Protein chains: 2
Amino acid sequence: MKKTIEHIAQLANVSKATVSRVINNSPKVTSKTRERVIKAIKETGYYPNVTARRLTTNKAETIGLIIPSPQDKTFGNPFYTEILRGFTHQAKIEGYDLLLFINEHQFNYSQLFHDRRVDGLLLVGVNRGDKGIIQLSENKFPYILTGKIDYEKANYVDAENRKGAYQAVTYLVNSGHKRIGYLGGSFDFVFNQERFEGYLQALKEHNLEYGKELTMESINTEESGYEAMRKLLEASSIPTAVFVANDLDAIGAMKAIKEKGLKIPEDIAVIGFDDIQLASYTEPTLTTVRQPIYEMGTTAISLLVQLIKGKKEGPLKIELPTQLIIRESSGKVKTKKKNI
Amino acid sequence: MKKTIEHIAQLANVSKATVSRVINNSPKVTSKTRERVIKAIKETGYYPNVTARRLTTNKAETIGLIIPSPQDKTFGNPFYTEILRGFTHQAKIEGYDLLLFINEHQFNYSQLFHDRRVDGLLLVGVNRGDKGIIQLSENKFPYILTGKIDYEKANYVDAENRKGAYQAVTYLVNSGHKRIGYLGGSFDFVFNQERFEGYLQALKEHNLEYGKELTMESINTEESGYEAMRKLLEASSIPTAVFVANDLDAIGAMKAIKEKGLKIPEDIAVIGFDDIQLASYTEPTLTTVRQPIYEMGTTAISLLVQLIKGKKEGPLKIELPTQLIIRESSGKVKTKKKNI
DNA sequence: TTGGATAATGTAAGCGGTTACATTTATTAC
DNA sequence: GTAATAAATGTAACCGCTTACATTATCCAA
């Protein structure tokens, strides 16, 4: 038996409109009739058809979540799982459904708005040069990014990448390190550049040397971190500490260091970025810059909903603070053999 | 300017019905009129309103994806990320949207059908005693689980857990191990029990000892694997090999073993289960039983769509084969000092 | 040329809600 | 008790599509 608002109306001996009012908690319904309607609803096990509601109200009640293509190795990063937790949690609170999409084959974001599939878009891991975002902005489609891109009008929630990196490297400097390497992801993502800039800034402020031979690119997987570190270790003069712009690379890097027979942190200190769960279980445990990933997720949803409802206007730019979590992989620089 | 099928009809000088036929590739439209309509659609940048279509056709064109609660530590497991890849990929192919839900506060699955929010449900990481599933089955709601539960009519896609575990342990036996430990997750999940049973079966077939002191429970996180292994190592007589029912626990276990000053695989061999990406980057690299996680994802979606379309009927029970991936963490048993 | 069959197109109802506006009922003031 | 006013409820149009059925156009045979 199919149940519609009509049936409930008949059962409760009222009009469809009244039933609708009860469902939507309109104040202008007598408690007597309200009870009759509620009784009818309970008896029949009626649930309003969301599709019908969405059609009349012209709202999708839905947020599109765009995640990086599965092809993209970075997708396996625990960062995404964690931020997803924040998204789902907050979306439920705000009463929005979350539609999952993968960003591949130059996926046309705008279409999701045109066919009324979503009210807003949440984009994760977008390339800094992505042109689709400009289109969204120009069409005034509500959207928010997790992470900055090269578009000054973009709405985003990010972490204080530069500051976090700066703090980490400063910590290394204060521990006596003078030759500090850098391993990080492609500048295709702004956060990677910012972390690098934080690293550079810390070096400059302390008049420490910087050179190409101290840095290596990796792509945010254990594998690439491993390879990058191996290359770095081939140089004639290797650093006494290395700041790695994300934890997965850091874990790979630690593997390379240990394989070379070097000790962490005695021979080379390592600091990562992210503070993924795994960071507490490496050997040694990983000192790292914690991003408030979960909170970035909930914040992003809240802001997006405000954009959707017109309670806020873009551009929205939020940066949440990071925190240096000190564990075993960082340490004071090894005192050189005193061969004066 | 809002665009509806009406506008296109006027522009192309045809009726709404004809436009609808063109959109839905109905064969009964002259190529002349079809072209006129297509031209009008292109000119206006018209996209059909999916909500309206869904209301008339009474289809949500949507699959609900239920993932374990964020509270649940296991959610961070790379297993989920990987299976998600399979889901999104296949859902796109089949033309279904994927709605993301989290399974918490005794979430009422059935409601999603009643309010026509979804056409089917895909449930990941469901507890073996979950009663909600019975309700789904009895209501003939299309759904599919990844992983068996205690309900013989349940539809599921799983891996050959027992067989995989059996192969792994048999491999250890063939490498000369006689005292083989087991570390695995709670029997709240059937796959854990099956893996344990595979372990037991292999022991029995080779007349090897088995005892409580050889096994320890963990919960599929590095942390718990670490703790469980530590406890196991406190026993008076420790195993020469340990089969760990999932990779994250195995990684934690390896940490505990190394911390104790023991070598892998010389002192204790370790075999995991899953073959997550990380398994290739541990030290030593982890021998493990590979599940076809991605394929489990695509298979689950395909089957679910067939259930939705009435092309198949439950119960549907699929088990995909596993494969033993041999890396460094397993090895021949250390030859005892020959004190005959 | 005509008529019957067939293909193309149009008409209009319906999907299940919401809501502006109309109508009825209750409340209050005198 | 009645009129004026406010509150509760009802009526009916509408959201933007799909589709059964009706109508018109096209084609072919006789």
Side-chain angles (χ1 to χ4, degrees), chain A residues 1-38 40-41 44-62 95 97 111-119, chain B residues 1-38 40-41 44-62 95 97 111-119:
Chain A
M1 167 202 162
K2 214 193 292 178
K3 302 152 203 161
T4 71
I5 202 170
E6 185 78 52
H7 299 130
I8 303 301
Q10 288 174 5
L11 240 166
N13 199 30
V14 294
S15 71
K16 295 195 318 182
T18 300
V19 178
S20 178
R21 289 187 187 105
V22 171
I23 291 169
N24 295 296
N25 293 313
S26 164
K28 41 178 75 175
V29 183
T30 318
S31 50
K32 265 186 297 178
T33 49
R34 163 166 282 121
E35 275 166 26
R36 275 217 314 286
V37 171
I38 289 177
I41 289 177
T44 42
Y46 162 78
Y47 289 89
N49 182 319
V50 297
T51 308
R53 168 161 36 94
R54 287 170 180 176
L55 179 61
T56 41
T57 59
N58 197 28
K59 293 186 176 84
E61 305 170 346
T62 301
D97 280 346
Q111 174 160 357
L112 299 174
F113 287 96
H114 285 127
D115 64 15
R116 312 290 322 150
R117 204 176 290 254
V118 303
D119 297 320
Chain B
M1 168 203 161
K2 215 194 293 180
K3 303 151 202 160
T4 71
I5 203 171
E6 185 78 51
H7 299 130
I8 304 301
Q10 289 173 5
L11 240 166
N13 200 30
V14 293
S15 70
K16 295 192 321 182
T18 299
V19 177
S20 177
R21 289 189 188 102
V22 170
I23 291 169
N24 295 295
N25 293 313
S26 163
K28 40 178 74 175
V29 183
T30 318
S31 52
K32 265 186 299 179
T33 48
R34 163 166 282 121
E35 275 167 26
R36 274 218 315 286
V37 172
I38 289 177
I41 289 176
T44 43
Y46 164 77
Y47 289 89
N49 181 318
V50 297
T51 307
R53 169 161 36 94
R54 287 170 179 176
L55 180 61
T56 41
T57 58
N58 197 27
K59 293 187 176 84
E61 305 171 346
T62 301
D97 281 346
Q111 173 159 357
L112 299 174
F113 286 96
H114 286 126
D115 65 14
R116 311 289 322 149
R117 205 176 290 255
V118 304
D119 297 320

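Because the structure is predicted, anything quoted here is derived from the model rather than measured. In what follows, chains carry the letters A, B, and so on, assigned in the order in which the sequence lines appear, proteins first and then strands, with residues in each chain numbered from 1.
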Could you state the CG-C1' distance from A:Leu55 to D:dA13, rounded to the nearest angstrom?
-> 13 Å

Return the set of residues passing salt bridge (Lys or Arg N to Asp or Glu O under 4.0 Å) with B:Arg21 (not counting sequence neighbours), or none when no residue passes.
-> none

Calculate the interatomic distance between A:Arg53 atom CZ and D:dG16 atom P; express it in whole Å.
-> 17 Å

Look at the side chain of B:Arg36 and the backbone N and O of B:Ala12, then say whether any donor-acceptor pair between them is shorter than 3.5 Å.
-> yes

Using salt bridge (Lys or Arg N to Asp or Glu O under 4.0 Å) as the criterion, list what pairs up with A:Arg53, not counting sequence neighbours.
-> A:Glu61

For the helix from C:dT1-D:dA30 to C:dC30-D:dG1, how many degrees between its two end axes (five pairs per end), to the nearest 10°?
-> 40°

Check side chain to side chain contact (heavy atoms under 4.5 Å, CB included) between B:Gln10 and all other residues, then give those that pass, not counting sequence neighbours.
-> B:Glu6

Closer to the 5' end of DNA chain C via nearest nucleotide, is it B:Thr57 or B:Thr30?
-> B:Thr30

Residue set satisfying side chain to side chain contact (heavy atoms under 4.5 Å, CB included) with B:Ser15, at least two apart, ordered chain then number -> B:Ala17, B:Thr18

Separation of D:dT11 C1' from A:Glu6 CD (nearest whole Å) | 12 Å

ring-ring contact (aromatic ring centres under 6.0 Å, His included) involving A:Tyr47 - partner list, sequence neighbours excluded | B:His114

The correct set of residues in residues 11-24 of chain A placing a heavy atom under 4.0 Å from DNA chain C is A:Lys16, A:Ala17, A:Ser20, A:Arg21, A:Asn24

For the pair made of NZ in B:Lys28 and P in D:dT19, what is the distance, rounded to whole Å?
-> 12 Å

Nearest-Å distance, CZ (A:Arg34) to C1' (D:dT9)?
-> 13 Å

Can you list every side chain to side chain donor-acceptor pair (under 3.5 Å) pair that touches residues 22-31 of chain B, not counting sequence neighbours?
-> B:Ser20-B:Asn24

Atom NE2 of A:His114 and atom P of D:dG16 are separated, to the nearest Å, by 15 Å

Not counting sequence neighbours, which residues clear side chain to side chain contact (heavy atoms under 4.5 Å, CB included) with A:Ile23? List them please.
-> A:Ile5, A:Val19, A:Ile41, A:Tyr46, A:Pro48

Work out which heavy atom in B:Arg54 is nearest to a heavy atom in B:Ala60; give both atom names and the distance.
-> NE-O, 3.2 Å

Output yes when at least one side-chain N/O atom of B:Tyr47 is less than 4.0 Å from OP1 or OP2 of D:dC17, else no.
-> no

Identify the 5'-most and 3'-most nucleotides of DNA chain C with at least one atom closer than 4.0 Å to a non-hydrogen atom of chain B.
-> C:dA8 to C:dG16

Nearest-Å distance for atom pair CG/C1', residues B:Asn58 and D:dT19 = 14 Å

Send over the distance from A:Glu61 CD to D:dC15 C1', rounded to a whole Å.
-> 14 Å

For B:Asn49, side-chain hydrogen bond (donor to acceptor under 3.5 Å, both in side chains) partners two or more places apart | none

Go through the structure and list residues passing side-chain hydrogen bond (donor to acceptor under 3.5 Å, both in side chains) with A:Asn13, not counting sequence neighbours.
-> none

